[in-house]
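The chains referred to below are lettered A, B, ... by the order of the sequence lines, with proteins before strands, and numbering in each begins at 1. Just so it is clear, the structure is predicted and the values come from calculations on it, not from any experiment.
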Number of protein chains: 2
Amino acid sequence: MEAASKPRPGANGRGRRATRVSGDDRERAILETAGRLLEEKPLSEISVDDLAKGAGISRPTFYFYFPSKDAVVMTIVERLVEAATGSRDEVLATLAEAGPRAGLEKALENLYAAFRSRPGVVRAGADLRATNHREAQELWTQVMEGWVDDVTAMIEFERDRGAAPAGQPARELAIALVQMNERVQYATLLGETPSLEGDRVLDVLIDVWLRAIYGSAE
Amino acid sequence: MEAASKPRPGANGRGRRATRVSGDDRERAILETAGRLLEEKPLSEISVDDLAKGAGISRPTFYFYFPSKDAVVMTIVERLVEAATGSRDEVLATLAEAGPRAGLEKALENLYAAFRSRPGVVRAGADLRATNHREAQELWTQVMEGWVDDVTAMIEFERDRGAAPAGQPARELAIALVQMNERVQYATLLGETPSLEGDRVLDVLIDVWLRAIYGSAE
DNA sequence: GGACTGTATCAACACTGTGTCGAGAAGTTC
DNA sequence: GAACTTCTCGACACAGTGTTGATACAGTCC
């Protein structure tokens, strides 16, 4: 965060090739190296030296660009989360237009697609959040809160217009459903055992959502 | 595991107080220290030295009893999991006798109760599983598989006798529901945001389970 | 009661990884 | 070409892990 904003060479419009690579390039190289390594091995097995070497610099020089290994990972995770969250408005529109099943399908598919391409980054994010790291926890809290708010609103809307029956408080139901999605998709993404097959996740989750929201118990 | 079984002084029935504390006592002291510290701070902030000091021994002596910090934690986690899983038969009986709602209530309450008393240990277990650690992953896989099997059988039984409608394959539904429980209860236990209040977890989860199993979509 | 054996203990070491400091090189600005 | 900013890294200090080898102590066996 503030890590990434320290070196700001601004518009360095050099026409001749520089003997020395620019700071921006170095920063990018570090991020790319981290991204690549994360798909190969867990965060705990990647050292600052690995990142520095991968970016063609020495370890102390690494610290010129980022305050720590975690800061690099946070930058990557933040960008991925941003990309994944970006399409929210679009989804809400679909939900309103095309009805619950199609809307949910689109929402979950969007999310899953965003994370599917970078399982290593997802795992690293989870590691960070588990191990302490306030920033990571806050980031994920915000993301989860956002989704919970959306789902809560959706459930209340459906209940108000009589499409869904009453039941547990909307927000509580929303929390359970959103957390289910997180866990189930994470397990599938990382190939845990047991976990759902990649091509079954959406069907199963959507079914539970619809039954939980629109079905009535017993 | 093999760590805990190395020092086996057997029956050391001394009548006079020993100038030196016995190996068993040391081992217990290490486990107790770890258990205590885990409720104070995350695993990552506990060093082998902390455990050794807590047990009144030097760091090298620690390695006489356990091969690593993780081995200590694994021992503690295993015992907790064992205690939590122990009551399964009893639960299955309740389920058969008292019907789905009461059976589920009992099952989830049992689980939650077992883990509720040691949030630090639960967190440490999750940390271990996240960070690598094959043993921890295998342990949790076994536990999850056990629950998934039980729930799968239960769903199939209910469908066969006509109490529950057809739907997604029983095992896949079971996976989603079991993983939802894991996530939701973990979040509550550790006081994440967002998460359900401790006294609301069971109500909400049971509702989703019943609707997912007995309700029909749309 | 002395040699023998297994259990237990720890100072000292080797190693891996983190993060900092200070000296200086390389490019930019005036 | 002096001053300034950006960038680089060798050398250091530190924290933690895990190992080695010497040693102590407690119970035998004879």
Expressed in angstrom and rounded to an integer, what is the separation of [X] atom [atom1] from [N] atom [atom2]?
X: A:Asp70; N: C:dG17; atom1: CG; atom2: C1'; value: 13 Å
X: B:Tyr65; N: C:dT9; atom1: OH; atom2: C1'; value: 9 Å
X: A:Leu51; N: C:dG19; atom1: CG; atom2: P; value: 11 Å
X: B:Glu27; N: C:dT9; atom1: CD; atom2: C1'; value: 16 Å
X: A:Lys53; N: C:dT18; atom1: NZ; atom2: P; value: 11 Å
X: A:Phe64; N: C:dA25; atom1: CZ; atom2: P; value: 17 Å
X: B:Asp25; N: C:dT9; atom1: CG; atom2: C1'; value: 16 Å

D:dC9 OP1/OP2 closer than 4.0 Å to side-chain N/O of A:Ser58 =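 For A:Ser58, the contact criterion (side-chain N or O under 4.0 Å from OP1 or OP2 of D:dC9) is met.
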request  = May I ask you to check whether over 12 heavy atoms, not counting those of B:Glu40, lie within 6.0 Å of atom CD?
outcome  = yes
Salt-bridge contact [X]-[Y] (side-chain N to carboxylate O under 4.0 Å):
X: B:Lys53; Y: B:Asp50; result: no
X: A:Arg134; Y: A:Glu138; result: yes
X: B:Lys69; Y: B:Asp49; result: no

Pairs under 3.5 Å (N/O, protein and nucleotides 15-19 of chain D):
| from | atom 1 | to | atom 2 | distance (Å) |
| --- | --- | --- | --- | --- |
| D:dT17 | OP1 | B:Val48 | N | 3.3 |
| D:dT17 | OP2 | B:Val48 | N | 3.3 |
| D:dT17 | O4 | B:Arg59 | NH2 | 3.4 |
| D:dG18 | OP2 | B:Tyr63 | OH | 3.1 |
| D:dG18 | N7 | B:Arg59 | NH1 | 2.7 |
| D:dG18 | N7 | B:Arg59 | NH2 | 3.4 |
| D:dG18 | O6 | B:Arg59 | NH2 | 2.5 |

ask   = Can you tell me if A:Thr141 uses its side chain to pair, donor with acceptor, with the backbone of B:Thr193 under 3.5 Å?
value =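 Yes; judged by distance alone, with no hydrogens or angles, the pair exists.
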Please output the side-chain donor-acceptor pairs of residues 102-126 of chain B that fall under 3.5 Å, not counting sequence neighbours, one pair per line with the distance.
| from | atom 1 | to | atom 2 | distance (Å) |
| --- | --- | --- | --- | --- |
| B:Lys106 | NZ | B:Glu90 | OE2 | 3.2 |
| B:Asn110 | ND2 | B:Ser87 | OG | 3.3 |
| B:Ser117 | OG | B:Ala114 | O | 3.4 |

